[in-house]
**Q** 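Just dropping this structure here.
Please read these numbers as outputs of a predicted model, since none were measured by experiment. Note on naming: letters A, B, ... go to the chains in the order of the sequence lines (proteins, then strands), and numbering restarts at 1 for each one.
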2 protein chains.
Amino acid sequence: MVNTQQGTEEKILEAAKKVFHRKGYEGARMQEIADEAEINKALLHYYFRSKENLFEAVFKDAFFKLMGRAKTVFLSDKPLKEKIQEFLSHYLDVLSENSYIPWFILNGMYERPDVLKVIFEKAEINPLQLMERLRNQIQDEYGSEVNPFHIWLNVLSLSIFPVVAKPLIRELFQITEEGYQQILEQRKTEVPRFITNALKGYEENS
Amino acid sequence: MVNTQQGTEEKILEAAKKVFHRKGYEGARMQEIADEAEINKALLHYYFRSKENLFEAVFKDAFFKLMGRAKTVFLSDKPLKEKIQEFLSHYLDVLSENSYIPWFILNGMYERPDVLKVIFEKAEINPLQLMERLRNQIQDEYGSEVNPFHIWLNVLSLSIFPVVAKPLIRELFQITEEGYQQILEQRKTEVPRFITNALKGYEENS
DNA sequence: GTCTATATCGGGATAGAC
DNA sequence: GTCTATCCCGATATAGAC
């Protein structure tokens, strides 16, 4: 009532974000989103024609917020270790305040693989180019013939999983929110060290 | 009709497993499970009273099938690299056919963190004991003072994330189901190598 | 135990007043 | 643009014949 004019659509998106985050696509209820936004269901359909549309909007926003930077970082000309450090630092900063994003994306992938496909087309990601660059860089800097795909997957795993598994980690070790944030902070240096150590190790075997 | 007696309940569980795997709890349809089992909906409710019951049965079975082994592997007396190899091998085998398990666990964590707690209590996991053992083993075998928590988290990340992110990986690189299974197979040796290489790397810096 | 038919309800979507 | 009331389909669950 008070906060009109530029408010409603934003409020809906904000509410949808929260609900889709908590429940996923199938679990989310339009009613719950409406309640969260303090409006009624009909208005949701006025702004976004369907549940699917609304989901897509939220999903895209989250995805690009997360992945937008990653592409430019990995296509830059810096040493690999620096890239990984930069990626982790940026990524963990963004996520410590938006820890719902990676889970939301993973969940969305399972529930709506079709949406994922559309997004990748729009994002203009060329994974093969990335792999080639990574292969060359590893060979140049570490002199080893390693499958770049697995290295890439390792970097992603080590970055994303600890954020997604936050509730598991906190419950299992009885860690406070501050303790968890501290762990993420440590990982900004620990993970790049771990990876570069591993890459150095390949030299001797090759 | 032919394969009666010990058949129906098993067939239902098998079908439910497949469908819940593909769609998750909310996305799964009792009709689809019935079709998959080649029976009708009513029979599902005859054997299991509700959808929730059926899901719980499927989930518990798979969860303990998965985690039962993990504990014994990591508390055994073998060298660390062997433990990791064994863990990955077993884990990836089970999950390539039940990849919904980590997804469900994550989902449950976010929706009902309390449930997670109960599961851990039943599984009788002692994380601190595990950490101590890991710290000692790393020190014995690699002579380095490393924070075992991060190593543990790395092992988990490298094992679980590639399974959870299956749709992302397949879509991004346009990989077939066979191709994906091949990747998992490769990781059974790649990941232990990666980790032990990294651990060796710490020696020089310590 | 297994089937067909049906009850019941929840949720996405629309109509139409204001 | 925002609301109330309602449509309508689909999904879980049950009744009851065989």
Side-chain angles (χ1 to χ4, degrees), chain A residues 1-61 104 107-108 110-115 118, chain B residues 1-60 100 103-104 107-108 110-112 115:
Chain A
M1 288 295 185
V2 185
N3 226 0
T4 36
Q5 253 113 338
Q6 89 293 22
T8 356
E9 188 165 347
E10 282 304 315
K11 275 202 319 197
I12 291 175
L13 280 171
E14 209 54 43
K17 211 184 251 186
K18 285 186 193 164
V19 176
F20 279 130
H21 157 224
R22 287 200 294 263
K23 306 292 178 66
Y25 178 77
E26 295 283 356
R29 301 283 166 254
M30 295 297 266
Q31 184 60 58
E32 198 178 345
I33 296 174
D35 292 347
E36 183 80 39
E38 292 174 313
I39 48 146
N40 57 51
K41 275 194 300 179
L43 214 50
L44 294 180
H45 287 89
Y46 175 78
Y47 279 94
F48 304 83
R49 258 183 37 236
S50 64
K51 184 184 182 182
E52 174 135 1
N53 273 346
L54 182 52
F55 177 78
E56 220 174 286
V58 171
F59 190 83
K60 276 183 191 167
D61 177 64
F104 175 66
N107 198 23
Y110 274 89
E111 291 188 338
R112 304 218 61 93
D114 48 320
V115 173
V118 175
Chain B
M1 290 293 187
V2 185
N3 227 357
T4 37
Q5 252 112 339
Q6 91 291 24
T8 359
E9 188 164 349
E10 281 303 316
K11 275 204 315 199
I12 291 175
L13 280 171
E14 208 55 42
K17 207 183 254 186
K18 285 186 193 166
V19 176
F20 281 130
H21 155 58
R22 286 199 294 265
K23 305 292 179 64
Y25 178 76
E26 294 283 356
R29 300 285 166 247
M30 295 296 266
Q31 184 60 60
E32 199 178 343
I33 296 175
D35 292 346
E36 183 80 39
E38 293 174 312
I39 48 145
N40 57 51
K41 279 192 295 180
L43 213 50
L44 294 180
H45 288 88
Y46 175 78
Y47 279 94
F48 305 84
R49 259 185 35 237
S50 65
K51 183 184 180 182
E52 179 137 357
N53 272 349
L54 180 53
F55 182 70
E56 220 176 287
V58 169
F59 172 71
K60 274 184 187 166
Y100 68 94
W103 179 44
F104 171 82
N107 199 353
Y110 278 89
E111 285 182 0
R112 274 177 277 157
V115 172

**Q** Ignoring the backbone of B:S50, work out which of D:dT2, C:dA13, D:dA13 is nearest its side chain.
**A**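 Nearest to the side chain of B:S50 among the choices is D:dA13.
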**Q** Where the side chain of A:A42 is defined as all heavy atoms beyond and including C-beta, which of C:dT14, C:dG1, D:dA15 is the nearest nucleotide?
**A**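 Shortest atom-to-atom distance from the side chain points to C:dT14.
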**Q** Does atom CZ (B:R22) have a neighbourhood of more than 12 heavy atoms from anything else shown, all under 6.0 Å?
**A**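 More than 12 within 6.0 Å, yes.
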**Q** Counting only N and O atoms by type, is there a donor-acceptor contact under 3.5 Å from the side chain of B:N40 to the main-chain atoms of B:L43?
**A**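 Yes, the answer is positive, given that a donor and an acceptor are paired below the 3.5 Å cut-off.
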**Q** Starting at CD1 of B:I39 and ending at P of C:dT2, how long is that distance when rounded to a whole Å?
**A**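 Those two atoms, CD1 and P, are 8 Å apart.
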**Q** Should the pair A:F20 and A:Y25 be assigned to parallel (<30°), tilted (30 to 60°) or perpendicular (>60°) ring geometry?
**A**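 If you compare the ring of A:F20 with that of A:Y25, the planes turn out parallel.
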**Q** Between B:T8 and C:dG1, is there a contact of a side-chain N or O with OP1 or OP2 at under 4.0 Å?
**A**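 No, because none of the side-chain N or O atoms of B:T8 sits under 4.0 Å from OP1 or OP2 of C:dG1.
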**Q** Whole Å only: how far is the CD atom of A:E32 from the P atom of C:dG10?
**A**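 So the CD-P distance, A:E32 to C:dG10, works out to 15 Å.
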**Q** Quick one: B:I12 CD1 to D:dT12 C1', roughly how many Å, whole number?
**A**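 From B:I12 CD1 to D:dT12 C1': 15 Å.
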**Q** Please tell me if A:H45 has a side-chain N or O lying less than 4.0 Å from either OP1 or OP2 of C:dT14.
**A**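 For C:dT14, OP1/OP2 do not have a side-chain N/O of A:H45 under 4.0 Å.
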**Q** In this structure, how many angstroms lie between the C1' atom of D:dT12 and the CZ atom of B:F48, rounded?
**A**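 Whole-Å distance recorded here is 16 Å.
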**Q** Of the non-hydrogen atoms in B:E26 and B:K51, which two are nearest, and what is the gap between them?
**A**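 Answer, listing the atom of B:E26 first, then B:K51: O-NZ, 3.9 Å.
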**Q** Just how far, in rounded Å, is C1' of D:dA13 from CG of B:N53?
**A**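 After rounding, the gap between these two atoms is 13 Å.
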**Q** Looking across every strand, which nucleic acid part, if any, lies under 4.0 Å from B:Y46 by heavy atom: base, sugar-phosphate, or nothing?
**A**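 Here B:Y46 touches the bases of the nucleic acid.
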**Q** Distance check, rounded to the nearest 0.5 Å: B:K41 atom NZ versus B:L44 atom CG?
**A**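 B:K41 atom NZ to B:L44 atom CG measures 9.5 Å (nearest 0.5 Å).
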**Q** Of the nucleotides D:dT12, D:dT2, C:dT2, which has the atom closest to the B:R29 side chain?
**A**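 Shortest atom-to-atom distance from the side chain points to D:dT12.
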**Q** In whole angstroms, how far is the C1' atom of C:dG11 from the CD atom of B:E26?
**A**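 Between C1' of C:dG11 and CD of B:E26: 12 Å.
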**Q** What does A:A28 touch in the nucleic acid at a heavy-atom separation under 4.0 angstrom: a base, only the sugar-phosphate, or nothing?
**A**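 Sugar-phosphate contact only - A:A28 comes under 4.0 Å of backbone atoms but never of a base.
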**Q** Rounded to the Å, how far apart are B:N40 CG and D:dT14 P?
**A**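 It is 15 Å, rounded to the nearest whole Å.
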**Q** B:K51 NZ to D:dG10 C1': how many Å, rounded?
**A**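 Taking NZ of B:K51 and C1' of D:dG10, I get 12 Å after rounding.
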